[in-house]
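FYI, side chains are in, hydrogens and waters are out, and symmetry mates aren't considered; it's all heavy atoms of this structure.
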Amino acid sequence: MTTTTLNGAQILDDVQAFLSRYNAFPDEHCAPMLALWYAHTWGAEHFYITPRVVLSSAEPGSGKTRVLEVARHLVRTPEMTFSATPAALFRMVGAGPITILFDEVDAIFDNKGGGNEDLRALVNAGYKRSATVARCKGDAGNMVIERFPVYAPAALAGIAGNMPDTITTRAITIHMRRRRPDERVEAFRERKVEEQSAPIREALATWMEVVGERVGAAYPDMPEGVTDRAAEIWEPLLAIADFAGGHWPETARAACLHFVTAAQTNPTSDRIRLLSDLRTVFADRGVTRMSTVEILAVLHSMEEAPWGDFYGRPINARQLAMELSAYGVKVTAFKNGAKTFKGYVIDGAHGLGDAWARYLPEPKADENSEGEH
């Protein structure tokens, strides 16, 4: 295939069709998103941002590893790993370019997403092209600072819940599920996959080599409501889709809206979940203020929320105050008839309303709270 006959839309179609042969995805937006992500690995040096891809699932055996195994044959210079040390990864990335495919990454973090700060720093910082991570080198008498370049595309697979928020907020997340009996995929045979993927990978690499610099300089239009970090994450993929043409500009923006909406709907931290649940509580009751005692009773009664078993016990008034204080929300005294209560209000400098406006997506029309308690 010569550069004069390269058809970006057809190449991306071929990538999408190939990866769909071996993977059963939860919705129609996953395969095109991954096709665009695979393409961006071949021109990552032209982008300021390389979005992370997170493959999560509630249980093992949901197809996460298979996504990485197929990706290995389509991305640029793949480095598939289960347990590489941060020191090794620092040096591999520095010698790059590579694409990190990290399986079972959840196992290296604790159940709160903590631990392994070196690896977290590499993944967090490495999504921006100019990023480096500084580390001390040498003994106490001859210590020098070495700055490691850490920019590299990365896809990470693991069980849901243990991935640090600092990683997931820089990522496009696919929540994989186990296949139903009626969901069929082709058997994965390494040699066959390697042979059949070779011309697709070559075409993808050649096309991105031709258009990469122009794609990296583009400023694609974002779908309405996609701003800030979400726009930053999706910019490379939408730029590639625009240069490919055909149905890809529309397909990519549909995928963008799908994943961004899903990220907004599913809180990425306990604190965001708490803010979201409190907004629902106030809206359901049509009030502008509630006592702490009443709020805790409602939170504890939410069957699908974590507040009845918040790290081993029901969330209490002190924990509630500590979680909300991070957003500038403070306990307020107010009167209800002849009695004075301590609790939380929507309005005012230390009210919940300001935090809701800053950290949560716009509420639906029927979630607006009115009235007073």
Side-chain angles (χ1 to χ4, degrees), residues 16 19-38 40 50-71 75 80 82 100-113 120 123-124 127 153-185 188 223 225-226 229-230 233-234 237 251-274 276-277 302-306 360-361:
Q16 178 179 333
L19 65 92
S20 296
R21 288 166 52 185
Y22 301 98
N23 299 286
F25 293 112
D27 58 69
E28 72 274 17
H29 302 291
C30 298
M33 182 278 288
L34 287 172
L36 291 166
W37 192 84
Y38 296 167
H40 110 282
T50 172
R52 275 65 184 100
V53 165
V54 166
L55 303 159
S56 75
S57 69
E59 297 289 343
S62 298
K64 303 182 301 297
T65 299
R66 182 52 44 79
V67 175
L68 297 184
E69 288 175 334
V70 176
V75 301
M80 190 162 178
F82 293 84
I100 301 170
L101 305 175
F102 209 129
D103 202 3
E104 299 182 7
V105 71
D106 58 295
I108 65 175
F109 299 111
D110 62 30
N111 60 9
K112 296 183 182 179
R120 188 192 337 214
V123 177
N124 287 350
Y127 93 118
L156 306 101
I159 299 299
N162 285 15
M163 204 78 73
D165 299 334
T166 51
I167 291 176
T168 57
T169 55
R170 292 167 168 83
I172 303 168
T173 299
I174 298 178
H175 299 285
M176 298 293 290
R177 302 178 300 193
R178 285 186 179 174
R179 284 190 290 118
R180 296 192 312 266
D182 61 325
E183 290 180 312
R184 303 290 184 181
V185 296
F188 185 85
V226 178
R229 179 165 285 174
I233 288 171
W234 275 90
L237 307 191
T251 297
R253 284 167 176 80
C256 174
L257 280 174
H258 168 79
F259 283 105
V260 171
T261 300
Q264 292 174 342
T265 302
N266 298 295
T268 58
S269 70
D270 286 336
R271 284 176 178 165
I272 292 295
R273 173 67 183 268
L274 181 59
S276 179
D277 285 350
M302 292 181 168
E303 293 184 357
E304 296 185 0
L360 299 180

For the residue pair [X] and [Y], establish whether any side-chain heavy-atom pair is separated by less than 4.5 Å.
X	Y	answer
L156	V53	no
R253	P223	yes
H258	M33	no
Y127	P51	no
I100	P153	no
F188	V70	yes
L257	V226	yes
W234	I172	yes

Q: Apply side-chain contact (heavy atoms from CB on, under 4.5 Å) to A71 and list each qualifying residue two or more places apart in sequence or on a separate chain.
A: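 Partners of A71 by the side-chain contact (heavy atoms from CB on, under 4.5 Å) criterion, ordered by chain and then number, come out as Y38, V75, L101.
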Q. side-chain contact (heavy atoms from CB on, under 4.5 Å) with L274: which residues, sequence neighbours excluded?
A.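 Counting only residues at least two positions away or on another chain, L274 forms a side-chain contact (heavy atoms from CB on, under 4.5 Å) with L278, L299, W307, L320, E323, L324.
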Q.
Please check this pair: side chain of D27 against backbone of H29, looking for a donor-acceptor N/O pair closer than 3.5 Å.
A.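 Yes.
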Q) When you look at L237 and C256, which way does the side chain to side chain contact (heavy atoms under 4.5 Å, CB included) test go after all the steps? A) CA-CA 9 Å; L237 307 191; C256 174; over 6 Å; no
I need the minimum non-hydrogen distance between [X] and [Y], along with the two atoms involved.
X	Y	value
S56	T173	OG-CG2, 4.0 Å
M80	L68	CE-CB, 3.7 Å
A305	R273	CA-NH2, 3.3 Å
L36	A252	CD1-CB, 3.6 Å
T169	R229	O-CD, 3.0 Å
V54	A171	CG2-CB, 3.5 Å

With sequence neighbours left out, what residues match [X] under salt bridge (Lys or Arg N to Asp or Glu O under 4.0 Å)?
X	value
E183	R180
R178	none
R170	none

To the nearest 0.5 Å, how far apart are [atom1] in [X] and [atom2] in [Y]?
X	Y	atom1	atom2	answer
K64	N23	NZ	CG	12.5 Å
F25	H175	CZ	NE2	14.5 Å
S62	M176	OG	CE	7.5 Å
C30	I174	SG	CD1	4.0 Å

Q) Where do Y22 and V67 land on the side chain to side chain contact (heavy atoms under 4.5 Å, CB included) test, with the steps shown first? A) CA-CA 8 Å; Y22 301 98; V67 175; over 6 Å; no
Q: List in chain and number order the residues that pass ring-ring contact (aromatic ring centres under 6.0 Å, His included) with F259, two or more places apart in sequence or in another chain; answer none if no residue qualifies.
A: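 ring-ring contact (aromatic ring centres under 6.0 Å, His included) check on F259 returns nothing, list empty.
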Q. D103 and L55: side chain to side chain contact (heavy atoms under 4.5 Å, CB included), yes or no, with the steps?
A. CA-CA 9 Å; D103 202 3; L55 303 159; over 6 Å; no
Q. Are H40 and T50 linked by a side-chain donor-acceptor pair shorter than 3.5 Å?
A.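 Note: H40 and T50 side chains meet the donor-acceptor criterion.
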